There are 2 protein chains.
Amino acid sequence: MELDERKKTILKLIIATYLETGEPVGSRTISKFNDLNLSSATIRNEMADLEELGYIVQPHTSAGRIPTDKGYRFYVDNLMEEKEEAEVEKSTLLERVDRMELLLKQVAKVLAYNTNYATLVTAPNYRKTVKFIQLSKVDEATLLAVIVIEGNLIKNQIIPIDTILDNEDVLKFNILLNTFLQGASLEDINLEMINAMKKQSGEYSVILDQIFQGIVDAVNEANELEIYTSGATNILKYPEIGDISKTSELLEKFEDKEELSHLLEETTGNKDDFHDIQVYIGEENTVSNMEDCSIVTATYKMPEGAKGTIGILGPKRMDYKKVVSTLKNLTIELDDIFNKRKGVNDDG
Amino acid sequence: MELDERKKTILKLIIATYLETGEPVGSRTISKFNDLNLSSATIRNEMADLEELGYIVQPHTSAGRIPTDKGYRFYVDNLMEEKEEAEVEKSTLLERVDRMELLLKQVAKVLAYNTNYATLVTAPNYRKTVKFIQLSKVDEATLLAVIVIEGNLIKNQIIPIDTILDNEDVLKFNILLNTFLQGASLEDINLEMINAMKKQSGEYSVILDQIFQGIVDAVNEANELEIYTSGATNILKYPEIGDISKTSELLEKFEDKEELSHLLEETTGNKDDFHDIQVYIGEENTVSNMEDCSIVTATYKMPEGAKGTIGILGPKRMDYKKVVSTLKNLTIELDDIFNKRKGVNDDG
DNA sequence: TATTAGCACTCAAATCTTTCGAGTGCTAAC
DNA sequence: GTTAGCACTCGAAAGATTTGAGTGCTAATA
């Protein structure tokens, strides 16, 4: 059965009211909306239909109705109109920063602050290439390798060495490293390349090994999955999770970046919607312990087609309207930073 | 009234039992300890005395006794004998790391893992001096400043510039910067010094300003209070906090580094005990919302007399024995790393 | 045919009642 | 000084009662 207009209106009112109050919504409450002009009895009949169709459910016999996952889904897809442009306060809290890492951390923080939910942001899946590499002699026994990745992700690595090098040696290494590595993507840096470098340099085989080890370590670190989170403690504010042990599990899960990556990886780039905002409601989340949560994700795009994900984790009874519009604005702002202003990812 | 031996024994048994079970301890329970050979009635009399003296209290009329803050204090100061060396499993989980920052993060983590409490570690209050500074040209419009502080704390700063510099210019700046800044403590880097450098360099006044700005930013960042925390979610496991809103407040407080610094700052270097282990019980904590917590702190020392603090935050009903001995071992290990092995703070 | 008033019914939540038992304090005997 | 014995207390758990929001159904109405 298709939902007729009236059923849609009623369903929308039920869900909107429930989102506000968190209490099961009764027929009387709905019948009070003036523009409807229906008695509670009529609403009851409609509600019975909506329940049969699986959009709402009674937590117990003599209670009002609350939305099911299916109900939320219908609401998000068909009923929820988005906030008027005027209503949405532009955040503009993002400062310009040069380093992608800092920018994304900031995004997570601002978003958590604005929404009062837990937020997570992944770095874009762009092909990370070495922009610049610098080996310096800190003291007789120590080198410092600094690797700047495209997007100004910076990795430092202390390399203890046995052999004493003079400045000229270090300079030579720098030229060697930059010749080979500049512009190379991180995946390119393999044994083969290292061997080629070794061949070219000839001498210093032991120390070269130490240096390469350091650089490989740094590169691996740079290649690690980067997820920035913020507002984890907001999870404690979701009363529907209730049980402290459940909350605790959820919180721990939220701190486990490995787990979070699973949460987000399926989301990136499924559709080609405008900013690809997606909502995962309750059981739609494949990760365990998240049945009582919803996750809203958005995709931001970098000039070369690389994409990253921004996610908001909240209770099912989440202010979808606000979250979606906030995310939309944020991704617009981000795209702006990445593309027009030629900021973070400036190739120079 | 002084506590006689028997009262001490009974108090110790009461507290030890309570630490284990978390339930109020009754006279019958204590009378069952063989080596005591006293009836419950006698214990009751003694308990009445101990209560009058303020060491224990009844949560309600017909319940057993639980320790007061004063009781805990007496236990920690006089009754608790520390764990036998044999019982304590050496952690040895600390890997050698070159960078102070990473080491301290690891300390916090290992400690949280071992104790199941929330932990916090402050960086030592040593006079931070610049060990090495390196300016590099990343691309035409961007410089990268890398500053290595004593202890191998590394700060990176991206400096956007307007003027185009050739490599020789950069080299000149590097020499200039290192000449002035190497060995300088962070406090030394003030306007006066910067002006001196400017005078020496003569030209490029605009770009020098940009560079100095970047370096000052990085230095300020390095000078910021550094506190590393771990195991915050363990707070959720303290049942005595109970209320989720209280727990939540505590958790938020724990994530606020500013607040934490207050918590620890009074502790450093009060006494000159062996590793200066201190216990703050309940109301003894001046920070609000922490009345139901205890904090155990220890001091580690660096060769030049700099000190840092390691703290463990747990419920009042905390395993003081274990925590104190764990902290003792850890500080010994840390002192070992800092002093003997000449690791992290190696002056080269 | 759709809507509604009316009414009996349901059931969670709040409140009160009862029971139970661990633990106490006190007294009198040892 | 120690202990057995006993009356007493009071929280926690379990059960009983009340309340009220909400339902479904039926019969009357427009």
Side-chain angles (χ1 to χ4, degrees), chain A residues 1-11 13-15 17-18 20-68 71 239-240 242-243, chain B residues 1-11 13-15 17-18 20-68 71 239-240 242-243:
Chain A
M1 178 180 7
E2 253 306 296
L3 293 186
D4 59 31
E5 273 315 307
R6 197 172 72 178
K7 284 200 173 53
K8 282 187 192 170
T9 312
I10 291 171
L11 180 57
L13 283 173
I14 292 171
I15 298 186
T17 310
Y18 181 68
E20 247 181 65
T21 65
E23 301 285 314
V25 181
S27 54
R28 198 111 194 291
T29 313
I30 298 299
S31 75
K32 280 197 200 118
F33 284 91
N34 312 358
D35 38 357
L36 220 50
N37 267 324
L38 290 174
S39 78
S40 62
T42 314
I43 303 292
R44 277 203 288 287
N45 291 330
E46 296 288 45
M47 277 176 157
D49 289 352
L50 285 169
E51 178 154 17
E52 202 180 343
L53 292 167
Y55 293 103
I56 51 179
V57 78
Q58 288 181 286
H60 53 85
T61 322
S62 67
R65 306 311 211 279
I66 60 174
T68 59
E240 32 268 276
D243 191 351
Chain B
M1 177 182 4
E2 254 306 296
L3 294 186
D4 59 30
E5 273 314 306
R6 197 170 73 179
K7 282 200 174 53
K8 282 186 192 169
T9 312
I10 290 172
L11 180 57
L13 284 173
I14 291 171
I15 297 185
T17 309
Y18 181 69
E20 246 181 66
T21 64
E23 300 286 314
V25 182
S27 55
R28 199 109 197 288
T29 313
I30 298 299
S31 78
K32 280 199 200 118
F33 284 92
N34 311 358
D35 38 357
L36 220 52
N37 266 324
L38 290 173
S39 78
S40 62
T42 313
I43 303 292
R44 276 202 289 286
N45 291 330
E46 295 288 45
M47 276 176 158
D49 289 352
L50 284 169
E51 178 155 18
E52 201 179 344
L53 292 166
Y55 293 102
I56 52 180
V57 78
Q58 287 182 286
H60 54 86
T61 322
S62 68
R65 302 322 210 271
I66 60 174
T68 59
E240 32 267 276
D243 192 352

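Since the model is a prediction, treat every value here as computed from it, not as a measurement. Every chain is numbered from 1, with letters handed out A, B, ... down the list of sequences.
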Is there a side-chain contact between B:R44 and the phosphate of C:dC26, meaning an N or O under 4.0 Å from OP1 or OP2? no
Between C1' on D:dG1 and CG on B:N37, what's the gap in Å once rounded to a whole number? 15 Å
Select base, sugar-phosphate, or nothing to describe what A:S27 touches, counting heavy atoms under 4.0 Å on all strands. sugar-phosphate
Give the nucleotide from the list C:dT24, D:dG24, C:dC11 with an atom nearest to the side chain of A:A48. D:dG24
Rounded to the nearest Å, what distance is computed from the CG atom of residue A:L38 to the C1' atom of nucleotide D:dA30? 15 Å
First encountered from the 5' end of DNA chain C, between A:E46 and B:G26: A:E46
Could you state the atom-to-atom distance from OH of A:Y18 to P of D:dG22 in whole Å? 14 Å
Length of the line joining A:N45:CG and D:dC25:C1', which is rounded to integer Å: 9 Å
Kindly point out which of C:dG25, D:dG24, D:dC10 is positioned nearest to the side chain of B:S62? D:dC10
Do B:D49 and B:L3 have side-chain heavy atoms sitting under 4.5 Å apart? no
Between B:T61 and B:R6, who's closer to the 5' end of DNA chain D by nearest nucleotide? B:R6
Want to settle it: does B:S39 or A:R28 sit nearer the 5' end of DNA chain D, counting the closest nucleotide to each? B:S39
Closest of C:dT24, C:dA12, C:dG25 to the B:M47 side chain is C:dT24
Could you state the NE2-P distance from A:H60 to D:dG24, rounded to the nearest angstrom? 13 Å
Run the side-chain contact (heavy atoms from CB on, under 4.5 Å) test on B:E46 and B:I30 for me, step by step, so that the C-alpha distance in whole Å, both residues' side-chain angles and the decisive distance to 0.1 Å come before the verdict. CA-CA 11 Å; B:E46 295 288 45; B:I30 298 299; over 6 Å; no
Distance in angstrom units between B:L50 CG and C:dG25 C1', rounded: 16 Å
With DNA chain C as reference, determine whether B:A41 or B:P24 sits nearer its 5' end, using the nearest nucleotide of each. B:P24
Within this structure, what is the OG1-CG distance for the pair B:T42 and B:L36, rounded to the nearest 0.5 Å? 9.0 Å
Atom-to-atom span, CD1 of A:I43 to C1' of C:dA5 - whole angstrom: 15 Å
Please tell me if A:R65 has a side-chain N or O lying less than 4.0 Å from either OP1 or OP2 of D:dA21. no
A:Q58 has an atom CD; how far is it from atom C1' of C:dC11, in whole Å? 11 Å
Do B:T68 side-chain atoms and B:G54 backbone N/O form a donor-acceptor pair below 3.5 Å? yes
Atom CD1 of A:I43 and atom CD1 of A:I14: how far apart are they, to the nearest 0.5 Å? 8.0 Å
